[in-house]
Amino acid sequence: MNILAAAGSLAPATRGFLSPTGAEIVFVLVGLAVLGAAVISVGTRQLVHAALWLVVALGGLAIEFLLLTAEFVAWVQVLIYLGSVVVLVLFGLMLTKAPIGRSPDADSGNRWVALLVALAAAGTLVTLVVDAFRTSWIDLGAGGGSASVTGASLFRNWVLPFEALSVLLLAALIGAIVLSRSRQAAAPKPRAGRLRTGKPVGAAPAAKSPAAQSPSSERES
Amino acid sequence: MNLLDTLLRCVAALVVFLTFPLIIGQTEHKVMAHMQGRLGPMYAGGFHGWAQLVADGVKFAQKEDIVPAGADRRIFQLAPAVSLLPYLFVLLVVPVGPHGFVGQAVDAGIFFVLAVMGVGVIGKLMAGWASANKFSLLGGLRTAAQLMSYELPMVLAAASAAMAAGTLSLTGIVEAFHWWWLPWQAIGAFVFFTAGLAELQRPPFDMPVADSEIIFGAYTEYTGLRFAFFLLSEYAGILVVCALTTVLFLGGWHGPLPDSLGWLWTILKTFALAFVVIWLRVTYPRLREDQLMRFAWTVLVPLALVQLALTGIIKVAISQ
Amino acid sequence: MNLPGSGLAKGLAVTLRTMTKKTVTAQYPEVQPHLPPRSRGVIGLLEENCTVCMLCARECPDWCIYIDSHKETLPAVDPNARARTRNVLDRFAIDFSLCMYCGICIEVCPFDALFWSPEFEYAETDILELTHERDKLREWMWTVPAPPALDPGAEEPKEIAAARKAADKLAAAAGGDPA
């Protein structure tokens, strides 16, 4: 709770909900936009549109962070999620399968189960947050979520989780490298350039390959 | 800061955003021509073709705005804006001179700049995908792959400058600058500038728009003003990358003249770097895709890490 | 001398040096090109010299010279003599859409009726207009530069030498009479 403590005190509810400030109205509106974008992102049958709606949802979240004065977190959200994760998702989609228009197989048979899980998760989270804070009011001071405050909190109070996360990421990185390497070792593919240099110029291909294989290779070529 | 002040700053940033890229573009026309023994544009506007880009703009505005039949209309039309706007936002936070001569000072300026510039990629990906054209798609994929590879050394190099200054604010970094940062941060400056060039897909890193193989990459299907927006975003990108290199590594407004003329130094350094960008374009041929990736991962990333280590060591040595 | 990156630096130096040098661009419509003195631009016809011998038309490799003529009979000066006939030029045209500027016609003309002119700006939008008729060819004659000066100490041109000889003889006769 150090961040919150730095950002402002947990004051008792002295404000009414009926006289919201401008920032609060914007917060709610952006929140609705984020919710809408997220729902469309899950519901749309156009794969790339889903990823782009995800961009809107994540960007909206960054704005919410900004409204909560958590400047640093907001920019990290944009840098990591918009700039890298969504781009990776889009990249992957386009590399594999990204038709323009609706994908007939975009609907999963599990969608009712997924909806159930999502609703349950949302219910749990909302209940948790509402129960934890109830009517307490956090006064947000400007600069409460600035880089220095966040950094101090992260490296004083939360060093252990931070380091654990970095070890986790390192493990993932090494795992990815190992996975991609092992497949290469299983099916060694000589590079085209080396093959060409290794072969003497003008050598008849039939002389090298066994006679039984040469017709098939000719047919292939 | 009252409303008028804010409005004035926004308008100033917009004016810079709309004029400076044109100046860079015109400089490119002329410098490139003279480096190739040509004269370049000579007619538009009378004196040495100074209004060539204005004429180009008028031409683009007159052209028919075509959306291919098979394209995803809305995304196709939205992509240029997504590609262009991030640079406008970045320009808003680049400090030009001391004493608050900046559109809007942001506390975590470096993070803001790098984050927002990363968003521009999405615009190019959208353009590549929505065009319903295999060349566009290839260009989009190359763009994405290249930008993801070069983002890392760029962020690491910027982090080195932030470490040296002890702040994430762009204004703070310039204020903390001393002349001996130049040799100290030289590697970082090289990495940042080179990675910036690659982010902009400027030659020699223009594989995503390699015209001899994939026509014009993600922009193949675009015409008229939307195409002009993509071009403008490239030149605005040059401006932004040069301005950022100036601010992070070349000391921004620091120079022999008094502080009141500091903005002149920033602009001068920015344009000198823009000249280098053009110079590199004229001199070097395009890198192949695999060379491009190898350069990012085996040259720039290690160099950036070396710079980070160097920065850390000297920083600790100074503070003791 | 084989430092890594020296090639890259050399490339940069080349482009920078080129930038400081004079450009090679010809700004043609504004600035006339500097042509060599005997450029082959267009062919001019001095029709006073033409005898309709047809040598040019016959030697032309792509047959782009059109000549029409008729014979005229001149009444005899001397009643004992035969009446003379003379060739009169009716049409002399060169089709510059066919001409390949080989200059053979000019070389073969025995009477110095054809000349090279350095004028080259006679592009047309209609190919038919590239056939220049005799009046146009005569106009080109005004643009033919004067022949180059003779080398110092060179032999006099034959026609001048002959004229001088005649003049000298005349002068000698005039000078001899009173003496």
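Numbers restart at 1 for each chain; the letters A, B, ... are given by sequence-line order, proteins then strands.
Exactly one of C:Arg17, C:Met19, C:Lys21 qualifies for a side chain to side chain contact (heavy atoms under 4.5 Å, CB included) with B:Met35. That residue is C:Met19.
The neighbour count for C:Arg91 CZ, taken as heavy atoms of other residues, nucleotides or ligands under 6.0 Å away, is above 12. The environment of CD1 in C:Ile127 is sparse: at most 12 heavy-atom neighbours from other residues, nucleotides or ligands sit within 6.0 Å. Counting heavy-atom neighbours within 6.0 Å of C:Trp116 CH2, excluding the residue itself, gives a total above 12. Counting heavy-atom neighbours within 6.0 Å of C:Trp142 CH2, excluding the residue itself, gives a total of 12 or less. Other residues, nucleotides and ligands place more than 12 heavy atoms under 6.0 Å from the NZ atom of B:Lys59. Taking a 6.0 Å sphere around CD of C:Glu155, one finds it holds 12 or fewer heavy atoms contributed by other residues, nucleotides or ligands. Other residues, nucleotides and ligands contribute at most 12 non-hydrogen atoms within 6.0 Å of the CZ atom of C:Arg164.
Heavy-atom neighbours of chain C within the stretch residues 279-288 of chain B, taken at a separation under 4.5 angstrom, comprise B:Trp279, B:Leu280, B:Val282, B:Thr283, B:Tyr284.
Of the atoms belonging to B:Met42, it is side-chain heavy atoms, and not backbone ones, that fall under 4.5 Å from chain C.
Atom OG1 of C:Thr23 is separated from atom CD of B:Gln36 by 12.0 Å, given to the nearest 0.5 angstrom.
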